[in-house]
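Read the structure below first, then the notes.
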Amino acid sequence: VFGKDINLILVLSNLSSDRKSVRVDMSASTILYTRRAVAEILKAATSVELGPRQGKHIRVKIPYTHYGRYLTTDKRIQVTALCEVMRTHGLKLLVEKTIILEDTNIIIKLPRRVVVNKAVSLEISYANPLPEPVSRCVLLVTLMNQQVKINLARLAPRERSKIYFEFTPRRAGPLQLQVDFSCDKFSHVKGFVTIAVAPA
């Protein structure tokens with residue numbers, strides 16, 4: 001989840017009946033959706049001895065403080081592990097994983113029934129998932145082809161807050177509401193919901 005430390009486990013297994021020495025070079029970078037690297041956030045190397053038919057786990061931690069300021073709006077991190085089996089004429093194995101960090105910031109609560117030409121109030125809650133305060137908070141609400149920009153107060157670390165948004169639907173049928181939350185430390189955290197508007 002965005003704002004939390006990332007914990008990974010690399011599992012190495014020796015399927016042969018011989019002992020193996022494996023050198024593992026690990027790296028991680030924030031990337032764009034095109035897989036182009038933005039910034040390297042982790043570089044580590046270790047060696048592991050594996051007995052016959054033995055498996056071992058290598059734990060990797062990427063703290064938020066290492067990746068936070070380098071993350072793009074795509075919220076993607078590419079982790080690679082190059083595993084080289086020593087004394088085997090350069091036998092190598094490359095393991096790659098792309099992590100897409102989830103947002104759990106926006107929660108939209110609807111009343112049970114929404115009716116044409118009747119005012120309705122929605123609850124929109126938003127959060128700061130980071131271990132540091134954020135300011136210049138803005139909520140952009142898009143509904144019925146109109147955008148409303150709402151300036152919000154700063155949020156303390158891990159703080160959740162909410163606002164109430166009122167509107168009157170003018171026609172029956174599905175209506176999509178989209179919310180976009182930005183601040184000085186991250187941007188474009190989105191939430192959306194489809195509202196079923198009943199006839200009057």
- prompt: What pairs meet the salt bridge (charged side-chain N to carboxylate O under 4.0 Å, His left out) rule with one or both residues in residues 169-188, with sequence neighbours excluded?
  reply: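 Found Asp180-Lys190.
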- prompt: If you measure only the distance, is there a donor-acceptor pair under 3.5 Å linking the side chains of Asp18 and Ser16?
  reply: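 Absent: no donor and acceptor within the cut-off.
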How many angstroms lie between atom [atom1] of [X] and atom [atom2] of [Y], to the nearest 0.5 angstrom?
X: Lys162; Y: Ile107; atom1: NZ; atom2: CD1; result: 10.0 Å
X: Leu122; Y: Phe167; atom1: CG; atom2: CZ; result: 5.0 Å
X: Ile58; Y: Cys83; atom1: CD1; atom2: SG; result: 7.0 Å
X: Leu177; Y: Thr194; atom1: CG; atom2: OG1; result: 9.0 Å
X: Ile62; Y: Ile77; atom1: CD1; atom2: CD1; result: 5.5 Å
X: Ile99; Y: Leu8; atom1: CD1; atom2: CG; result: 4.5 Å

Backbone N or O of [Y] within a donor-acceptor pair of the [X] side chain at under 3.5 Å?
X: Thr168; Y: Lys118; value: no
X: Asp25; Y: Leu82; value: no
X: Ser29; Y: Ile31; value: no

Is any side-chain heavy atom of [X] less than 4.5 Å from a side-chain heavy atom of [Y]?
X: Leu101; Y: Ile6; answer: yes
X: Phe186; Y: Leu130; answer: yes
X: Lys92; Y: Leu94; answer: no
X: Arg136; Y: Cys183; answer: no
X: Ser161; Y: Leu152; answer: no
X: Pro129; Y: Lys4; answer: no
X: Gln178; Y: Val141; answer: no
X: Met26; Y: Val60; answer: yes

Which heavy atom of [X] sits nearest to which heavy atom of [Y], and what is that distance?
X: Val116; Y: Ala172; answer: CG2-N, 3.2 Å
X: Tyr70; Y: Val38; answer: O-CG1, 4.0 Å
X: Cys137; Y: Ala153; answer: SG-O, 3.7 Å
X: Ser182; Y: His188; answer: OG-N, 3.0 Å
X: Asn128; Y: Pro157; answer: ND2-CA, 3.7 Å
X: Val24; Y: Ala81; answer: CG1-CB, 4.3 Å

Find out if a path of hydrophobic residues (ILVMFWY) with successive side-chain heavy-atom gaps under 4.5 Å connects [X] to [Y].
X: Val179; Y: Ile150; result: yes
X: Leu10; Y: Tyr67; result: yes
X: Phe192; Y: Ile124; result: no
X: Val115; Y: Val193; result: no
X: Val189; Y: Tyr64; result: yes

Trace of the side-chain hydrogen bond (donor to acceptor under 3.5 Å, both in side chains) decision for Glu166 with Ser121: CA-CA 4 Å; Glu166 190 171 286; Ser121 182; 4.9 Å; no
- prompt: Does the pair Val134 and Arg154 meet the rule for a side-chain contact (heavy atoms from CB on, under 4.5 Å), with working shown?
  reply: CA-CA 6 Å; Val134 296; Arg154 70 196 296 274; over 6 Å; no
task: Please work out which of the three classes, parallel, tilted or perpendicular, describes the rings of Phe181 and Tyr126, given edges at 30° and 60°.
output: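 Tilted.
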Selection residues 33-42 - residue pairs positive for side chain to side chain donor-acceptor pair (under 3.5 Å), sequence neighbours left out: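 Output for this query lists Arg35-Glu96.
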query: Which pairs count as side chain to side chain donor-acceptor pair (under 3.5 Å) when at least one residue sits in residues 43-63, sequence neighbours excluded?
result: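 Of all non-adjacent pairs touching residues 43-63, those that pass side chain to side chain donor-acceptor pair (under 3.5 Å) are Ser21-Glu49.
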message: A quick test of your reading: do over 12 heavy atoms of other residues, nucleotides or ligands sit less than 6.0 Å from CZ of Arg69?
response: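 12 or below, so no.
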message: As a quick check of understanding, evaluate side-chain contact (heavy atoms from CB on, under 4.5 Å) for Phe165 and Val148, giving each step before the final call.
response: CA-CA 10 Å; Phe165 182 79; Val148 178; 4.3 Å; yes
